[in-house]
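Data first, discussion second: the structure below is written as structure tokens.
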Amino acid sequence: MIGHTVHLGREPVDDVTAALREQLARSLREAGFVHRLAPVSITTELHRRLVHLRDSGLLSACLYEEYEQSLVFSCPGVAHPRTLIVVATPSPAVKVRFHLEDGPLEAVIPPTYIHRADQERCLRILRSVLAPAGGAVALAHGPVKLLATHSGLAQYGRNNLAYVTGFGSYVRLDMYCTDVDLGAVRDEFKGSLRMSCCPPCRNCHHVCPTGCIPHDGTVIEAERCLTYLNEHEGEWPGWLDPVAHNSLVGCMHCHALCPANRCYVRKEPLVAEFDHSETDLIIQGLAVDKLPSALRQKLAALDLDDYATVLGRNIRALKRAEAERA
């Protein structure tokens, strides 16, 4: 049987593919996700852009080398990838409470950190639509933020955060891959990579506690960013103001002060509490496999298990910042 064709973007796709795309869009939308499709061939262009940033000096060569493995496209589980699906998930900031010897401390977890449950939920939806069509689906690795902006799903802010309509920067981006050809073509994706409200606004530049956000452009000095510093082990650099600390990991300053987020800022709900014994163990900065099983599971539920060795140091820094601001 020969199917009809319909036009989605610049290229015609057959009616079976069109129906599959529509079913996928409907299922993701009903679950609260927003998505775009892209051909796998786009990854070559994205990698070329990253190399250009490195070679032009806008992206530190050391930083590129550190993250190179995660920036190169790969999709274990899909032998012959054809279509990328970049998905945006609302990701509000939340709070957790620690019980220290001198009293409780509430700490913010910014957007993007809590993610595994949503990734698993999204994978179930994708597979429920594509598996009956004979397709394999898996979580992919690569420059997801760059893909989101080039596919038209997101735009960059001056702070290098990705902003998605309806979510602002309170959003998590993930990339999935399938061997089903969903008719995505590169020519569908055109538009500005940068938010139109950024040029006249420099709030993030002025509020950044480490001075890593440029007065112009959208490529930050990432190795100076507080998020980079508090995700990595080691002593704080001498130039860092102790009162800069504001989150358990990451940083909230350029989220909270951005006018583009004014409709999305909410009071952070308390989602977990760690008693004195749990807090004492976390403060020690032990590797996650050295922690009791129950505590490991509690951190994993917040997707903080990968940061176990820096959480204690960060908690102490937050406590000191709180005392100096008082």
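These numbers come from a predicted model, not from an experiment.
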Is it true that E45 and R48 make a salt bridge, defined as a side-chain N closer than 4.0 Å to a carboxylate O?
no
Taking only Lys NZ, Arg NE, NH1 and NH2, and the carboxylate oxygens of Asp or Glu, determine whether R194 and D216 approach each other closer than 4.0 Å.
yes
The test is side-chain contact (heavy atoms from CB on, under 4.5 Å); show your working for R316 and I283 and say whether it passes.
CA-CA 8 Å; R316 290 192 296 271; I283 287 289; 3.6 Å; yes
Answer yes if the side chains of E324 and H245 hold a donor-acceptor pair under 3.5 Å, and no otherwise.
no
Using 30° and 60° as the class boundaries, would you call the ring planes of F274 and F98 parallel, tilted or perpendicular?
parallel
Nearest 0.5 Å, please: how far is CD in E223 from SG in C62?
6.0 Å
Should the heavy atoms of other residues, nucleotides or ligands under 6.0 Å from CZ of R262 be counted, would the total exceed 12?
no
Does H141 use its side chain to pair, donor to acceptor, with the backbone of F73 at less than 3.5 Å?
no
I'd like to check P237 versus L229 (side-chain heavy atoms, cut-off strictly below 4.5 Å). Are they in contact?
yes
Salt bridge check, E22 against R26: does any charged N sit closer than 4.0 Å to a carboxylate O?
no
Heavy atoms from other residues, nucleotides or ligands near NE2 of H232 exceed 12 (cutoff 6.0 Å)
yes
Roughly how far, to the nearest 0.5 Å, is the CG atom of N314 from the CG atom of L226?
8.5 Å
Donor + acceptor pair across side chains of Y228, E66 (<3.5 Å):
yes
Taking every heavy atom of L161 against every heavy atom of Y163, the minimum-distance pair comes out as O-CD1, 3.5 Å
Within the 4.5 Å heavy-atom criterion, are S151 and L37 side-chain neighbours or not?
no
Here the gap from M252 atom CE to E268 atom CD, rounded to the nearest 0.5 Å, amounts to 5.5 Å
Distance, nearest 0.5 Å, that separates CD1 of I125 from CG of L24:
9.0 Å
Is the shortest distance from a Lys or Arg side-chain nitrogen in K298 or D275 to a carboxylate oxygen in the other one below 4.0 Å?
no
Tell me if a side-chain donor or acceptor on R172 pairs with a main-chain N or O of S91 at a distance below 3.5 Å.
no
Could you tell me whether a side-chain N or O of R158 sits under 3.5 Å from a main-chain N or O of P199, the two making a donor and an acceptor?
yes
Tell me whether D174 is salt-bridged to R121, with the criterion being a basic N under 4.0 Å from an acidic carboxylate O.
no
Test log, rule side-chain contact (heavy atoms from CB on, under 4.5 Å), inputs L281 and Q284
CA-CA 5 Å; L281 287 168; Q284 293 177 40; 4.0 Å; yes
Passes side-chain contact (heavy atoms from CB on, under 4.5 Å), Y156 versus M195? Steps please.
CA-CA 6 Å; Y156 279 116; M195 289 195 300; over 6 Å; no
Excluding sequence neighbours, so at least two apart, what forms side chain to side chain donor-acceptor pair (under 3.5 Å) with T44?
none
Run E231 and Y113 through side chain to side chain donor-acceptor pair (under 3.5 Å) and show every step you take.
CA-CA 11 Å; E231 287 183 357; Y113 285 93; 2.5 Å; yes
Is a side-chain N or O of R97 found less than 3.5 angstrom from the main chain of E273, in a donor-acceptor match?
no
For H47, enumerate each residue passing the side chain to side chain donor-acceptor pair (under 3.5 Å) test, keeping only those at least two apart in sequence or located in another chain.
Y64
The salt bridge (Lys or Arg N to Asp or Glu O under 4.0 Å) partners of D179 (sequence neighbours excluded) come to none
Can you check whether D303 reaches I109 side chain to side chain, under 4.5 Å on heavy atoms?
no
Evaluate N261 against S169 for side chain to side chain donor-acceptor pair (under 3.5 Å), listing each step before the verdict.
CA-CA 7 Å; N261 279 333; S169 66; 2.8 Å; yes
Check the pair R202 / H215 against side-chain contact (heavy atoms from CB on, under 4.5 Å), numbers first and verdict last.
CA-CA 7 Å; R202 290 178 170 79; H215 189 263; 2.8 Å; yes
